[in-house]
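Structure record follows, encoded as structure tokens.
Remember, predicted model here, so these are calculated numbers, not experimental data. Values reported hereafter were calculated over all heavy atoms of this structure, with side chains retained and with hydrogens, waters and symmetry mates removed. Note on naming: letters A, B, ... go to the chains in the order of the sequence lines (proteins, then strands), and numbering restarts at 1 for each one.
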Amino acid sequence: MLDLKFIRANAERVKEGARLKRVECDVDGLLRLDEERRALAPRVDELRNRQKSGGKEMAKANPEQRVRILEEQKKLKDELGGLETRLSELDKAMTALQLLVPNVPAPEVPPGKSDADNVEIERVGTPPVFDFTPRDHIDLGTEQGWLDVEAGARLAGSRNYVLKGDLALLEDAVLRLAMEHMLAKGFVPLSVPTLVRYEPLLGTGYFPGGEEQTYKTDARDELYLVGTAEVPVTALHADEILAHTELPKLYVARSACYRREAGTYGKDTRGIYRVHQFQKVEQVVIDVADEAKSIAHHRSILNNSKEVLDLCELSYRVVNVCGGDLGVAHVQKFDIETWMPSRNGFGETHSASRFYDYQARRLNLRYRDVEGKVRVCHTLNNTVAASTRMLIALLENHQQADGTIRLPEALRRFMGGRATIGRALARKG
RNA sequence: GGAGAGGUGGCCGAGUGGCCGAAGGCGCCUCAUUGCUAAUGAGGUGACUCUGUAUCAACGGGGUCCGAGGGUUCGAAUCCCUCCCUCUCCGCCA
């Protein structure tokens, strides 16, 4: 969330930001409550002060004095009671409103309503040109005996799938490649819970608001399945005050990801583009509160992912995500969209996010700077590789006329040294 | 699932109604001693928030915080209730 002081001082900017993001929030209401609170709090403090000193007199008073003090104290108590109740009401109401105030997007975020308005800023590589009719990943996977979406549906409903044989191996291979790439960059590997409490989701900005997209266990446990390792990893140091000497924290985690995909009925129903469960390697950066550093990190985590795509010999573009497509917590987001022949276009495979201190303030994630001052950290994250969408790209882009798949050099060592997988398929009628 | 113990400051740990934001220790900072390191001695060392000294730099004052929320009381870290969490033993299981 945003610092209340910042909201006070920049109310118009904050409101403008919310408009850009097309997010509903009541900044004026929040500021009204804030004003009331700021008038009330000093009075409460003063009364409490009198009450406390009265209590101290009481401790060393003689019996007659006690009677007198007691009477005064009782009066004070009555007076205080109502005010304190109002104060805590205000605090509650303000927190609720404050949580809904979105982060202010960076000036370079383009205006727009949906992903259609995202602005391409870079294109890398050339989409393959086939001298045969290419198959999509479903046909390829199914015919090769690698992919079974019907079995997935039988086991777990629609938007589920089963990977078999070399495709199951390839899933692991991509993730390992991603992981090793990040290890070489000095990122610390983590294995984290994917079933978490409410707080990490609140802290990372998914709640309130994202409940519909999140699987939740029943009342016996009240836990949530994360949609990304960003949640547990970013929340790892919640409520801590880190030493500036241990920053930046560079983390990489591989985890399963769960998404309800509510409200997407009829969208991307074919294949494994939009699924309820997949695996992902995610990079997370926690560093000092310095916008220039955050921007540099943003660039570098974007680069890390581009390098993985380069290693996979895929072509892609980077888009500057528009205001309407940003989450509440974002300052700016760059999506990488990888070429997918079956879409005859680019499909989102990565999402690099910069938050400044928005998540960290919610998480109470702080550090002590060189001068010993306590400050709120900055956080960032980006996908390194998401299993299903990478598999789509790999199968479809590297398919050959006979239905076999050419493996990029970088993946071969995870696939038993093979240069291709799959057998020759019958020509499509 | 059964039985028990416990949640206090960066960490360990004392504290059963007012003198406790909280002993003591560790860690850390400053100074002294020392050729360096180490050791030793002295002092200091929480977060949040409001406020004053004409700038959130410094210093001063107030308030809140001893897992969370309620209650008792003039007054609660200390008593009562509810919840959350951690640990130990037994059982069960990967």
query = Please give, in whole Å, the distance from B:C50 C1' to A:Arg8 CZ?
reply = 10 Å
message = Quiz question: going by heavy-atom distance under 3.5 Å, is there a donor-acceptor pair between the base of B:G63 and the side chain of A:Asp45?
response = no
key: OP1 or OP2 of B:A57 under 4.0 Å from side-chain N/O of A:Lys373   = yes
message = If I compare all heavy atoms of A:Arg343 with all of A:Gly347, which pair ends up nearest, and what's the gap?
response = NE-CA, 4.0 Å
ask   = Once you round it to whole Å, what is the distance between C1' of B:U49 and CG of A:Asn49?
value = 15 Å
key: C1' spacing across the pair B:A77 / B:G52, given as an integer number of angstrom   = 31 Å
task = Pick the P atom in B:C84 and in B:C28, then give their distance to the nearest Å.
result = 40 Å
query = Whom does B:C11 pair with, Watson-Crick or G-U wobble, provided both distances fall under 3.5 Å?
reply = B:G25
query = Looking only at atom P, what distance separates B:A39 and B:C26, rounded to whole Å?
reply = 11 Å
query = What does B:A5 pair with, Watson-Crick or G-U, if both distances are under 3.5 Å?
reply = B:U86
request  = Would you kindly say whether A:Asn320 and A:Gln332 are connected by a side-chain donor-acceptor distance under 3.5 Å?
outcome  = yes
task = State which of B:A47, B:C85, B:C50 makes the closest approach to the side chain of A:Arg366.
result = B:A47
task = Just name whichever nucleotide pairs with B:U72, Watson-Crick or G-U, keeping both distances under 3.5 Å, else none.
result = none
What N/O pairs connect the protein and nucleotides 70-74 of chain B at under 3.5 Å? Give each pair on its own line.
residue: B:C74; atom: O2'; partner: A:Gln73; partner atom: NE2; Å: 3.4

inquiry  = Give me the distance, rounded to whole Å, that separates B:C66 from B:G17 when you measure between the C1' atoms they each carry.
reply    = 15 Å
task = Please determine, for B:C93, whether a Watson-Crick or G-U wobble partner exists with both distances under 3.5 Å, and give it or none.
result = none
query = For B:G41, which nucleotide in any strand shown is its Watson-Crick or wobble partner with both distances under 3.5 Å?
reply = B:C31
query = Looking only at atom C1', what distance separates B:U8 and B:A76, rounded to whole Å?
reply = 14 Å
task = Can you tell me, in whole Å, how much space there is between the C1' of B:U45 and that of B:C11?
result = 14 Å
ask   = Does a nitrogen or oxygen in the side chain of A:Arg368 sit under 4.0 Å from OP1 or OP2 of B:A47?
value = yes
query = NA contact type, A:Val374, heavy-atom cut-off 4.0 Å: base, sugar-phosphate, or nothing?
reply = sugar-phosphate
message = Quick one, A:Lys293 and A:Ile295 - any side-chain contact, counting heavy atoms below 4.5 Å?
response = no
message = Taking only the P atom of each, what is the distance from B:U82 to B:A3 in whole angstrom?
response = 16 Å
Pairing partner (Watson-Crick or G-U wobble, both distances under 3.5 angstrom) of B:C66 = none
Identified salt bridge (charged side-chain N to carboxylate O under 4.0 Å, His left out) partner of A:Asp268 from the options A:Arg274, A:Arg389, A:Arg159 = A:Arg274
query = For A:Lys52, which contact category applies under a 4.0 Å heavy-atom criterion: base, sugar-phosphate, or nothing?
reply = sugar-phosphate
key: C1' spacing across the pair B:A23 / B:C12, given as an integer number of angstrom   = 14 Å
key: Nucleotide opposite B:U53 in a Watson-Crick or G-U pair, distances under 3.5 Å   = B:A58
query = Across the strands shown, which category fits A:Arg197 at heavy-atom distances under 4.0 angstrom: base, sugar-phosphate, nothing?
reply = sugar-phosphate
